[in-house]
K.L.:
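Let me give you the structure first, and then I'll get to my questions.
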Amino acid sequence: MPAVRPNAAVRATRALQQSSTTSTVRSFSATSRAPASHGPPQYDPPTGWLFGVKPGEKYQKEGWETPFFYGFCGSIVLAAIAYGFKPDTSIQTWALEEARRRLEAEGILEDPEKK
């Protein structure tokens, strides 16, 4: 029995010849790609000036900038205050309190509230 079957070798060479003559692009999608119909890209072309403001001109704020600034900074301040008053829920604190309660119940440690 031959190592390579003749039909398989012929099919393989034909496939190589066909793939080298026609270059096909296979996409990951089964559907063809439809061209976008939204028009040309809508962006401001670069002007070379920092933030688009020429030297000597005064920057004019947009309407969303002031509420965004105060809302963002205000939320950061409120989060910092809330974090300061957050209860301690660590396992170390719980274990220390539990050990103190058990030692007080056994009479090994004095109850600090009895004084």
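Quick caveat, the model's predicted, so the values are computed rather than measured.
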K.L.:
Rounded to the nearest 0.5 Å, how far apart are CD1 of Ile108 and CG of Leu103?
P.N.:
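Between Ile108 CD1 and Leu103 CG, I get 5.0 Å after rounding to 0.5 Å.
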K.L.:
Between Glu98 and Arg102, does the salt bridge (charged side-chain N to carboxylate O under 4.0 Å, His left out) criterion hold? Intermediate values first, please.
P.N.:
CA-CA 6 Å; Glu98 183 68 19; Arg102 290 182 184 185; 3.0 Å; yes
K.L.:
Answer yes or no: does atom CZ of Arg101 have more than 12 heavy-atom neighbours from other residues, nucleotides or ligands under 6.0 Å?
P.N.:
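Count over threshold, so yes.
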K.L.:
State which residues pass side chain to side chain donor-acceptor pair (under 3.5 Å) with Glu97; sequence neighbours excluded, sorted by chain then number.
P.N.:
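By the side chain to side chain donor-acceptor pair (under 3.5 Å) rule, Glu97 matches Arg100.
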K.L.:
For residues 64-76, which residue pairs qualify under side chain to side chain donor-acceptor pair (under 3.5 Å), counting only residues two or more places apart or in two chains?
P.N.:
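Of all non-adjacent pairs touching residues 64-76, those that pass side chain to side chain donor-acceptor pair (under 3.5 Å) are Tyr59-Glu65, Glu62-Trp64.
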K.L.:
Quick one: CG on Leu96 to OG on Ser90, what's the gap to the nearest 0.5 Å?
P.N.:
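Here the interatomic distance stands at 9.5 Å.
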